[in-house]
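Everything on this sheet refers to the single structure shown next.
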Protein chains: 2
Amino acid sequence: MDKNIETRKRITIYDIAKEAGTSTATVSRVLSNSGYPVKEELRKKILDTAEKLNYSPNALGRMLKKSESRDIGVIIPTISNPFYPQVVLGIELEARRRGYGILLCNSFRDPETEKKYITSLVQKQVKGIIISSIDANHISLKEIIGNDVKVVAFDQNIKGLKCSKVGFDFVKGGMLAVEYLIKKGHRNIAFATSPLTRKSRLETLEGYKLALLKHGLPFNERNIIASSSEEEYENVNYEFENGRKLAASFLQLEERPTAIFAVNDMTAFGVIRELWNNGVNIPNDVSVVGFDNIEISSMINPPLTTINQPSFETGKLACKTLLDLMEDKGSQEVSITLEPSLVERKSVKELV
Amino acid sequence: MDKNIETRKRITIYDIAKEAGTSTATVSRVLSNSGYPVKEELRKKILDTAEKLNYSPNALGRMLKKSESRDIGVIIPTISNPFYPQVVLGIELEARRRGYGILLCNSFRDPETEKKYITSLVQKQVKGIIISSIDANHISLKEIIGNDVKVVAFDQNIKGLKCSKVGFDFVKGGMLAVEYLIKKGHRNIAFATSPLTRKSRLETLEGYKLALLKHGLPFNERNIIASSSEEEYENVNYEFENGRKLAASFLQLEERPTAIFAVNDMTAFGVIRELWNNGVNIPNDVSVVGFDNIEISSMINPPLTTINQPSFETGKLACKTLLDLMEDKGSQEVSITLEPSLVERKSVKELV
DNA sequence: TTGTATGCGTTATCAT
DNA sequence: ATGATAACGCATACAA
């Protein structure tokens with residue numbers, strides 16, 4: 001019966017109108033659930049013929065007419081970093097619930113790529129973008145904001161940009177981690193971090209310092225173990241390998257700290273691995289606290305004590321914020337800050 | 001200068017034509033890089049005014065006219081499972097290279113959700129879909145294949161479906177793992193798996209049996225440790241927790257095997273954790289081999305010896321196959337099978 | 001309640 | 001080489 005499957009023409013509301021003996025206007029009215037009054041009998045007939053002809057509406061036509069897309073753009077550094085899939089998941093669940101699809105873009109922290117994607121998304125007429133932006137100047141973003149597309153920034157701390165934000169209190173996160181260590185009796189604590197080029201890392205460091213200060217502990221510059229490598233790949237292996245290097249440096253320290261606070265979980269994994277390789281036991285010899293609470297952190301040995309950054313919530317909230325903004329043209333941009341919390345597991349030893 | 005930023009009208013080729021004193025036809029010809037001859041002088045003028053007016057083409061208009069979208073749909077179970085982000089990454093890189101965007105959809109292995117997404121994608125006029133399908137009957141897929149949209153299936157073994165496939169030799173993968181174990185002196189090997197409901201798992205088990213057979217080792221039904229729970233969540237925690245349960249069962253075995261082959265890495269992590277908790281050392285007391293080679297498998301303790309399933313390559317290949325199919329209408333569907341390989345790390349002990 | 005006609009922004013056909 | 005104009009599929013202002 002489907003022998004003409006290859007050649008069958010695209011069915012439009014015009015075909016339905018013809019078949020049902022009515023007009024395209026009426027067909028459109030019932031098929032788009034416009035709520036516009038149509039006599040029940042006719043409505044039924046239209047629905048039936050649509051079914052019969054196996055009609056599938058062309059979203060492009062509708063979008064063009066209403067000049068609005070049913071998709072939102074999502075730009076992240078890379079889906080390879082386990083933090084982002086969770087964010088994307090949160091976004092997608094909320095988006096689907098409200099009838100939107102998501103256009104996923106990995107920028108790899110390359111401003112050029114980011115720019116191209118933004119342009120492309122705008123051309124595709126998305127009316128909203130959720131972005132973890134890397135371009136410090138946000139040139140592309142500035143161009144589109146206030147125009148016709150709403151933007152919600154997350155992950156990176158964007159300044160001087162008139163858009164909604166879903167942020168995270170990195171300072172407090174840093175404090176939480178270090179205060180926990182202090183509470184467990186540690187006085188000499190190292191901070192292992194990838195290059196201190198990003199605002200979030202600087203803030204985490206700030207929290208580290210604040211905690212020390214608060215508890216009257218001296219700040220020792222040598223305890224900040226940062227990689228200086230210019231090139232930085234936003235992927236799992238980079239962070240891990242970097243952690244290993246940092247651990248190697250750590251082992252060179254004269255007065256070796258009893259604990260290491262790592263800028264993120266992946267780095268912590270690398271640190272732990274390298275320490276193990278050198279016969280240093282975690283947490284018996286050295287305690288380690290991570291940052292992010294990616295899912296795997298509970299699966300490694302030892303289970304990592306870390307700071308929870310609510311990735312799924314971030315995505316969900318960012319999406320909710322964006323859609324509210326898009327659908328209620330009057331609403332104002334908001335700035336939300338998510339709170340860190342400590343997840344206690346087995347990578348820290350209590351000093352007595 | 002941008003004071004009218006809020007109110008500025010959408011710029012179309014019509015505006016450019018007016019400003020440049022030419023016609024929309026000519027404007028379109030130069031702005032769409034049609035290759036159609038336009039006098040150099042005019043071309044330049046058009047380009048300039050487009051720039052001046054800050055013109056941004058409306059992809060919807062173009063798509064509608066040419067009746068082709070520049071996006072492809074990607075449907076996966078869930079981005080939460082670390083295997084898929086890598087696949088998606090491969091897809092995206094290839095797609096971007098060729099000027100396509102990707103519409104990401106998580107089906108959560110729910111046939112209903114999968115169906116809705118397929119419908120939605122078709123309505124958005126995508127001309128290609130890459131899918132890890134769950135619907136056993138592939139009803140929705142059958143409806144669209146051969147119509148106007150190309151489909152490439154991966155991950156799941158789709159049968160009776162006329163579409164391209166990028167598969168993986170699970171049987172051989174299973175064999176590889178078990179033969180390795182045998183080579184290392186293990187004779188009594190357990191297989192720890194989530195419910196044997198999926199074809200891929202059954203095939204892996206098949207490989208397990210084949211390896212035993214090949215080396216004249218007896219097959220012991222009790223060594224197949226499978227969870228029977230009906231409900232199955234496709235997420236990290238499920239696999240991990242499941243692995244823990246399986247390990248608990250393993251510990252009950254009368255003649256305890258010297259090695260465990262896990263159906264995937266996450267399960268292996270759970271197994272390892274539970275074993276550790278019970279004072280069983282890996283690999284000294286029990287050896288473990290995983291399956292998938294997700295990135296974290298190299299980061300845990302001990303680094304996991306596992307079977308590599310090339311996720312990134314799968315994505316890249318699937319996308320390449322799809323785009324070739326879409327762009328060259330004449331080309332035939334293909335079926336590619338990727339080969340497993342063993343990644344030797346530290347979770348297996350050689351028995352002497 | 002229904003139908004006619006127009007336009008969304010673009011490309012393509014046909015003249016010129 | 002350029003321009004007028006008709007689609008693409010849909011939604012809607014306006015008429016009836």
Side-chain angles (χ1 to χ4, degrees), chain A residues 8-47 49-50 53-70 119-120 122-127 147-148, chain B residues 8-47 49-50 53-71 120 122-127 147-148:
Chain A
R8 78 175 165 216
K9 223 177 90 354
R10 163 166 252 83
I11 305 295
T12 73
I13 53 172
Y14 178 76
D15 300 300
I16 299 183
K18 203 169 51 180
E19 181 80 11
T22 177
S23 72
T24 60
T26 308
V27 172
S28 171
R29 293 199 257 258
V30 345
L31 258 30
S32 65
N33 298 315
S34 67
Y36 198 95
V38 172
K39 202 184 284 178
E40 198 45 39
E41 190 186 7
L42 220 196
R43 144 171 274 115
K44 188 137 181 53
K45 184 163 189 184
I46 289 173
L47 253 17
T49 52
L53 296 186
N54 201 3
Y55 170 72
S56 168
N58 184 327
L60 259 32
R62 176 178 311 194
M63 286 172 179
L64 181 57
K65 175 63 187 172
K66 307 184 71 168
S67 72
E68 63 158 49
S69 146
R70 216 52 197 169
T119 303
S120 162
V122 168
Q123 293 183 178
K124 282 173 183 166
Q125 308 303 112
V126 305
K127 290 293 168 287
N147 207 347
D148 208 6
Chain B
R8 78 176 165 214
K9 224 179 92 343
R10 163 164 251 83
I11 304 296
T12 74
I13 54 172
Y14 178 77
D15 300 300
I16 299 183
K18 203 169 51 178
E19 181 80 12
T22 177
S23 72
T24 60
T26 308
V27 172
S28 171
R29 293 200 258 256
V30 345
L31 258 30
S32 65
N33 299 313
S34 66
Y36 198 95
V38 172
K39 202 183 285 179
E40 197 46 37
E41 190 185 7
L42 220 197
R43 146 173 273 115
K44 190 142 180 49
K45 185 164 188 183
I46 289 173
L47 253 18
T49 53
L53 297 185
N54 200 5
Y55 169 73
S56 168
N58 184 325
L60 259 31
R62 175 179 315 198
M63 286 173 179
L64 180 59
K65 176 63 186 170
K66 307 184 72 168
S67 73
E68 62 158 50
S69 146
R70 216 50 198 171
D71 295 320
S120 162
V122 168
Q123 292 184 178
K124 281 174 183 166
Q125 307 302 114
V126 304
K127 291 292 168 288
N147 208 346
D148 206 6

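So you know, we letter chains A, B, ... as the sequences are listed, proteins then strands, and number each from 1.
The side chain to side chain donor-acceptor pair (under 3.5 Å) pairs that include a residue from residues 58-69 of chain A number zero, where partners must be two or more places apart or lie in different chains.
When every heavy atom of B/I13 is checked against every heavy atom of B/Y55, the shortest pair comes out as CG2-OH, 3.5 Å.
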Under 3.5 Å, sequence neighbours excluded: what are the donor-acceptor pairs made by side chains of residues 24-46 of chain A?
residue	atom	partner	partner atom	Å
A/T26	OG1	A/S23	OG	3.3
A/S32	OG	A/S28	O	2.7
A/S34	OG	A/R29	O	3.0
A/S34	OG	A/Y36	N	3.2

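Every residue two or more places apart in sequence or in another chain was checked for a side chain to side chain donor-acceptor pair (under 3.5 Å) with B/Q125, and none qualifies. B/S120 meets the side chain to side chain contact (heavy atoms under 4.5 Å, CB included) test with B/K124; sequence neighbours excluded.
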**Complete:** 5' to 3', nucleotides 8-16 of chain D under a 4.0 Å protein heavy-atom cut-off (B base, S sugar-phosphate only, - none) gives BBBBBB---

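Nucleotides of DNA chain C with any atom under 4.0 Å from a heavy atom of chain B span, from 5' to 3', C/dG9 to C/dT13.
Axis deviation across the helix from C/dT1-D/dA16 to C/dT16-D/dA1 amounts to 40°, comparing end segments of five pairs, rounded to 10 degrees.
The shortest distance between side-chain heavy atoms of B/T12 and B/D15 falls below 4.5 Å.
The CD1 atom of A/I11 lies 8.0 Å from the CG atom of A/N54; values are rounded to the nearest 0.5 Å.
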